[in-house]
Amino acid sequence: MSEFAVRAEKAAKAEKLDAGDELAGVRGQFVLDEVVYLDGNSLGALPAGVPGRVEDVVRRQWGELRIRSWDESGWWTAPERIGDRIAPLVGAAAGQIVVGDSTSVNVFKALVAAVRMADGAGRDEIVVDATTFPTDGYIAESAARMTGCTVRPVTPAEVPDALGDRTAAVLLNHVDYRTGRLHDLPGLTAAVRVAGAVSVWDLCHSAGALPVGLDEHGVDLAVGCTYKYLNGGPGSPAYLYVRSGLQDRFDSPLPGWNSHVEPFGMRSDFTPADGALRGRVGTPDILSMLALEAALEVWDGVPIEAVRAKSLALTDFFLECVAAYAPDGRVESLTPVAHGERGSQVALRCADAGDVMKRLIERGVVGDFRHPDVLRFGFTPLYVGFADVERAARVLGEVLG
Ligand SMILES: Cc1ncc(COP(=O)(O)O)c(C=O)c1O
């Protein structure tokens with residue numbers, strides 16, 4: 001087939017896929033332009049309702065109501081309320097998620113609490129995904145030193161063999177931030193449970209892109225950020241999930257006055273609140289948190305299963321178009337072909353990836369570069385369409401050529 005015919009065929013296919021896209025209407029709820037934005041796995045786009053809400057929070061709630069807003073504008077209960085808004089997106093019943101702090105801080109809370117609640121003496125190992133995003137590894141090291149444990153780094157595939165009587169906690173990523181590989185959350189969680197250890201999942205690259213099923217699969221603890229597929233904005237607060245059956249035993253290493261049973265009692269001794277509230281620490285970052293709350297409104301009526309189906313169709317089509325447009329041997333996909341092992345991004349290895357990404361961005365296709373040789377493209381099904389995918393792959397082919 002000629003180059004022209006290939007391009008015509010892919011464009012026609014994109015048009016057909018866009019016409020059948022049941023989520024196509026959601027795009028209008030975002031502030032977007034002509035750029036093909038494939039970096040929602042780093043920073044989600046701005047939902048159109050956010051600026052107005054932030055303006056109201058600042059001008060009216062803060063500017064006029066001032067201190068009254070802690071009650072009257074629902075500021076005090078925002079961490080649990082917004083946690084309950086995120087809960088259905090990750091398959092959790094209400095009352096198990098609080099929003100606040102960064103993912104890094106929540107990894108710390110979850111891991112130390114996991115070791116403290118691990119059953120039985122002699123559990124002195126924290127098993128950690130060796131391929132993890134660095135912050136999780138750094139924090140696991142520190143949590144281990146604080147709790148008298150050692151860290152055992154293994155790949156997720158090696159986890160079942162690494163588990164034993166000494167395992168206290170296991171920290172895993174649902175989707176690998178570099179390769180986009182989706183790990184077996186149900187199977188690994190079950191293996192951790194059988195070993196008598198506590199599972200901690202980092203959902204940064206899966207929440208909002210695919211069903212997680214926290215309750216269904218019996219996950220113990222989980223954390224995640226809200227600025228990627230949940231579009232909460234730069235530095236928006238993260239969340240912490242504590243399975244309801246474990247909440248009584250959740251002993252936070254950061255017990256602040258916000259997790260006290262009687263926060264305004266101003267007591268010198270600490271008595272934890274019941275439930276997910278135990279994951280709170282200090283005064284919530286209200287401006288970011290309420291921007292996130294507004295951002296989550298784009299999810300009204302959007303089933304996560306439809307998001308997953310579209311995500312797979314987008315990444316399938318991108319891989320197909322890259323194969324058609326990229327010169328042979330110029331890039332190699334690090335992302336699994338099997339749907340059951342793929343998140344919502346495609347990572348392409350390319351020797352001059354840094355330079356290629358710069359040129360892509362100049363030409364209106366925004367992904368990102370991960371050291372030393374990875375081009376990352378994230379596909380947010382709420383606002384990326386199939387024509388975007390075709391254009392991104394075509395421009396990539398041109399830049400690579
Ligand atoms: C998998 C994963 N975990 C943790 C983090 C760190 O999150 P934060 O900077 O919000 O603490 C990131 C950030 O991109 C991430 O991708």
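In each ligand, atom 1 is the first atom listed, and ligand 1 is the first ligand listed. Numbers here simply count residues along the sequence, with the first being 1.
Only the side chain of Asn173 comes within 4.0 Å of ligand 1, counting heavy atoms alone; its backbone N, CA, C and O stay farther away. Contacts of Thr103 with ligand 1, taken as heavy-atom pairs under 4.0 Å, involve both backbone and side chain. Residue Ser104 touches ligand 1 through backbone and side chain together, judged by heavy-atom distances below 4.0 Å.
For the 3.5 Å distance criterion, the side chains of Thr131 and Thr155 fail to qualify, holding no donor opposite an acceptor.
The closest protein non-hydrogen atom to atom 8 (P) of ligand 1 is Tyr227 OH, 3.3 Å.
A distance-only check finds no donor-acceptor pair linking the side chain of Glu125 to the backbone of Arg166 [under 3.5 Å].
Heavy-atom proximity to atom 4 (C) of ligand 1, evaluated over Asp136, Leu43, Val175, Leu203, is greatest for Asp136.
Atom numbering of ligand 1 starts at 1 in the shown order; those under 4.0 Å from a heavy atom of Lys228 are 13 (C), 14 (O), 16 (O). Near Thr135, meaning under 4.0 Å from any of its heavy atoms, are these atoms of ligand 1: 4 (C), 5 (C), 6 (C).
Here the rule is ring pair (Phe, Tyr, Trp, His ring centres under 6.0 Å) with Phe318, and of Phe377, Phe386, Tyr325 only Phe377 fits it.
Proximity of Asp84 to Ile97: side-chain heavy atoms (C-beta onward) are nowhere separated by under 4.5 Å.
Ligand 1 has an N or O atom lying under 3.5 Å from an N or O atom of His205, backbone or side chain. Any N or O atom pair closer than 3.5 Å counts here, and Asp202 shares at least one such pair with ligand 1.
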Run the numbers on Trp201 and Tyr241 for ring pair (Phe, Tyr, Trp, His ring centres under 6.0 Å), then give the verdict.
CA-CA 9 Å; Trp201 284 91; Tyr241 164 91; over 10 Å; no
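Under the 6.0 Å distance and 45° angle rule, Arg68 does not count as a cation-pi partner of Trp62.
Here Arg59 does not pair with Glu64 in a salt bridge; the nearest charged N to carboxylate O distance is not below 4.0 Å.
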